Amino acid sequence: MHDASPILDVAGISKRFGGLQASNNISMRVPQGGITSLIGPNGAGKTTLFALITGFHTPDAGSVRFRGEDITGLAPQEIAERGMIRTFQIVQPFAGQSVRENIAVGAHLKIRSRAAALEKAEDVARKVGLGDRLDMDAAALTVAGRKRLEVARALATDPELILFDEVLAGLNPSEIRDVIPVIRAIRDEGVTILLIEHVMQAVMSLSEHTWVLNQGQLIAEGAPQDVTRDPHVIEAYLGKGMAERMAKQAADAVGGAHE
Amino acid sequence: MPDMAIIVPSVLNGLTTGALYALVALGLTLIYGVLHIINFAHGALLMLGLYAVYYLNVQFGIDPYVALLIVPPGMFALGYALQRGIIGRASHGRDENILLVTLGLAIVIENLSLFLFKSDTRIVDVPYGFQVVEIFGAFLPLPKVVAFAGALITAALLWLIMSKTDLGRAIRALAKERKGAQLVGIDVEHVFAMSFGLGIACLGVAACLLLPSYYVNPQVGHGFVLIAFTIVVLGGMGSFVGALLGGLIIGVVEALGGLFFGESLGQLGIFLIFILVLVFRPTGLLGHKV
Amino acid sequence: MRQLALLGLVFAALFTLPFFVESESWRTTIIMTLYAALLGQAWNILGGYGGQFSFGHAAFFGTGAYTVAVLQVQLGLNPWLGLVAGGALAVGVAAFIGFTTFRYGLRGSYFALVTLAFAEVLRILSNTVPFTGAGVGILIPLDPGAANLQFASKAGFYWLLWAITLGAFLTAWWIGHSRFGARLMAVRDNEDAARALGVDPFRVKMRAIMLSGLFSGLAGVFYAQFFLYLDPGIAYGPAVSVESLLVPIVGGMGTLFGPLLGAVALHAVSEVTREVIGDLPGISLVIYGTILVIMVLFAPRGLSGLVSRLTRSARRKTEGDRHA
């Protein structure tokens, strides 16, 4: 997993807001291709880290390299131009504009012609399952529809790397089942994906490698199956002492079986 | 370089004008701090207050200072009604819409006044109009000294209302946390309208204190509205102390600017301050809220 | 393309208007209506499509007007050169105001106030410096002839105005059908989301304010040549700023035909009031202000919003009938 030339290389990033250390000396790498995830309990600083990587906040210390280039301190639009696109956890549609127009804004990153951008928007809309709602006002979409729109706009920019901020949050199980193949299909086209996710099952089934953030620090990394067994991770999610208790339970169960 | 014999009276004059500016700005900052509304009709409403004081004097012989018992309550009622009936319904989720509605109200009030009261500039004739008081060796018109004291007393009263009464507590709660205030059972629309009314009542007080040493015509509000905005941004949107200090500073800057560069360039200085502060320090020099 | 064809049709019809309208006073009315549409479309480019509400478009208008007047009166330059210079200087003022405000991310009400303050600064300056004629104003000598950008007949002025207005409307059409326009509207509707998709809000807003300033400035040039007189209140006073924003707000912000609709509606209303009440000071502004309040309260999307809402509900009704 420790690729010699990761597509994204975050080194020692820190950010403080007043008295709160939102990110504390975080270093992580995302390899080219595939789906990497970033998990952690509420308030762990995941979205802040995304904002630091994509230029919405400027880190106090540390650096971000994207495809070998130092992009620390660049503006969000400059980073987007280089091929790294983020989505928002709280969806941000261009309200009052149609789904097609919304997606075309993304398509225009690489395409000057209006007609070509609108055409591209249609293609992308079909890919994410919005093909039947092209002329709908984006503000009128359901939550699930808006999440798809976030994905579509990002995808329309022809990115190298997409950072998905909780695209599955707020969806019901059947909607989640619908969106997961969309994300896989994006990866299969060769786009690298880094996703923040709260829905554990999704992380397990989608990503090959996961990083765990807690209180602004990375506390674990590895294959999702291994990471979820890590006592630090269990404690972070479920509270202190929980890992010990669970381990004891497991040991008892194993011991019992041997008797 | 003019010597101190000119500068001192000029500064004192600036301070008295500045206190009135501060009073106008206090209303504006109160409204901004609570409702997050930039009330563009502030100058027009001040003008309306001045006409009220004028006609009470001319028609019924009521002294402007006695009108303090009548005009501020009337202005309060007007403000309350405007907020509940019109301004409070205008936003549709965008602050600019409120700005537009208050701009529309300003246009209506001003031009209706032009129509009703004609464009003549009017002054009131009061026996104490030309009396002077000696302060630090400078001679100041009595009405200006009264206005200075009155403005400070009003600011103190406003502070008392805000910190000691139930209404003040409700207003402050609302300014801080709208949802929370709603949850504990504060009637949000009512308190918003009360705040707006209080802000406009300040204009009523200012009108009574101002007219004996000033004049009224339908455009008189213009000069005040941008100055009041300048003071409010200078002192920090929503800051009481900021509005008071900002008012005094602007009054002195205007007086000294007028002394050194002529009156219209003195005004230019105010607008330049306004632009610079808005561009570089939109939270104001002090930058804290109510 | 259908919209472009409609635009062509409307402007072709507008072009022929002077052939049907012979009375000079009615020609003045249609000139003032088209002039309002031009001011409104100029504002609409920045305010409607870009969401940046300026309260100080007089800053651009007055600069265009004073440029053509001062160059003629003080330097004896031909007003056609003044037309170019006026447009260019207005763009320069727009760039300056845009740079100082957008660079620091000033938005919403703050932007409105700062533009107003800039217009006031220019008003005071033009009231002070000698070459604008200060408070007395500046008078352009009457010298009819196309070479002097003056016309013996109102029709000549009308066609000059028509050409400038056509330029403004074509620009607005282009905004609705180009990458630049898509980005401008994206910034208007959600600046952060636009940035995340690679849009540079500063650059987009700068272009918008410069285009907007250009057409406001050209409107100022037209005004100066038409009335041959300017003073600081006319050029930089709030009346022009208010008319500029009122027209698209009434007609429909961010729509191509909104400013035309708004201009026609407002002038129709003020003509009618003049007939009914008479020409009293301030009364037309009372009505404008009332209309502004009513529009923001009840129809924030303007007349074109109302029209599209009505046609949509009519269509829904007929569809409902069909289903029933």
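All values derive from a computational prediction rather than experimental measurement.
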Quiz question: by atom type and distance under 3.5 Å, do the side chains of [X] and [Y] form a donor-acceptor pair?
| X | Y | result |
| --- | --- | --- |
| A:Asp137 | A:Gln97 | no |
| C:Gln41 | C:Asn44 | yes |
| C:Asn190 | A:Gln92 | yes |

Practice task
Using modelled atom types only, decide if a donor and an acceptor are shared between the side chain of A:Lys15 and the backbone of A:Gln21 within a distance under 3.5 Å.
Solution key: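 Here the side-chain-to-backbone pair does not exist.
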Problem - A:Thr192 side-chain N/O to A:Gly34 backbone N/O, donor-acceptor pair under 3.5 Å - result: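 Flag not set: sc A:Thr192 to bb A:Gly34 has no pair under 3.5 Å.
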Report yes if some heavy atom in the side chain of [X] is under 4.5 Å from a heavy atom in the side chain of [Y]; otherwise report no.
| X | Y | result |
| --- | --- | --- |
| C:Thr115 | C:Thr101 | no |
| C:Phe111 | C:Phe53 | no |
| A:Arg86 | A:Thr47 | yes |
| C:Phe215 | C:Trp43 | no |

Problem - Neighbourhood of chain C inside residues 51-83 of chain A, taking heavy atoms under 4.5 Å as contact - result: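 Contacts with chain C: A:Phe56, A:Pro76, A:Gln77, A:Ala80, A:Glu81.
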Problem - Close contacts, residues 151-166 of chain A versus chain C, judged by heavy atoms under 4.5 Å - result: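 Residues in range: A:Arg153, A:Ala154, A:Thr157.
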Problem - Salt-bridge criterion met for A:Glu150 and A:Arg146 (N-O under 4.0 Å) - result: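 Looking at A:Glu150 and A:Arg146, the cut-off is not met.
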Exercise for the section: State plainly whether the residues C:Glu191 and C:Lys205 are in salt-bridge range, i.e. N to O under 4.0 Å. Expected result: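 The answer is yes: the pair qualifies as a salt bridge.
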Exercise for the section: With salt bridge (charged side-chain N to carboxylate O under 4.0 Å, His left out) as the test, would you mind laying out the steps for A:Arg184 and A:Glu189 before giving the verdict? Expected result: CA-CA 9 Å; A:Arg184 284 219 180 89; A:Glu189 285 186 8; over 6 Å; no
Exercise for the section: Please determine, among A:Met84, A:His108, A:Glu101, the option with the most heavy-atom pairs under 4.5 Å with chain C. Expected result: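 It is A:His108.
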Problem - Any residue of residues 294-302 of chain C which, by heavy atoms, sits under 4.5 Å from chain A - result: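 Against chain A, none of the residues of residues 294-302 of chain C fall inside the cut-off of heavy atoms under 4.5 Å.
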Practice task
Count the heavy-atom pairs under 4.5 Å between each of C:Gly254, C:Gly181, C:Ala194 and chain A, then report the option with the highest count.
Solution key: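 Top count of heavy-atom pairs under 4.5 Å with chain A: C:Ala194.
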Practice task
Identify which part of A:Ala117 has an atom lying under 4.5 Å from any heavy atom of chain C, answering side chain, backbone, both or neither.
Solution key: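 No part of it gets close to chain C.
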Problem - Part of A:Leu118 lying under 4.5 Å from any heavy atom of chain C - result: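 For A:Leu118, neither part sits under 4.5 Å from chain C.
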Handout entry: C:Arg183 portion near chain A, given a 4.5 angstrom heavy-atom threshold
Key =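 Only the side chain of C:Arg183 comes within 4.5 Å of chain A.
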Exercise for the section: Please report the shortest heavy-atom distance between C:Val247 and C:Gly40, naming the atom on each side. Expected result: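 In terms of heavy atoms, the two residues are closest at CG1-CA, 3.9 Å.
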Problem - Closest contact, heavy atoms only, A:Val143 versus A:Gly170 - result: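 Shortest heavy-atom contact: CG1-O, 4.2 Å.
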Problem - Contact list for residues 103-118 of chain A, test salt bridge (charged side-chain N to carboxylate O under 4.0 Å, His left out), sequence neighbours left out - result: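 Applying salt bridge (charged side-chain N to carboxylate O under 4.0 Å, His left out) to every pair that reaches into residues 103-118 of chain A, excluding sequence neighbours, yields nothing.
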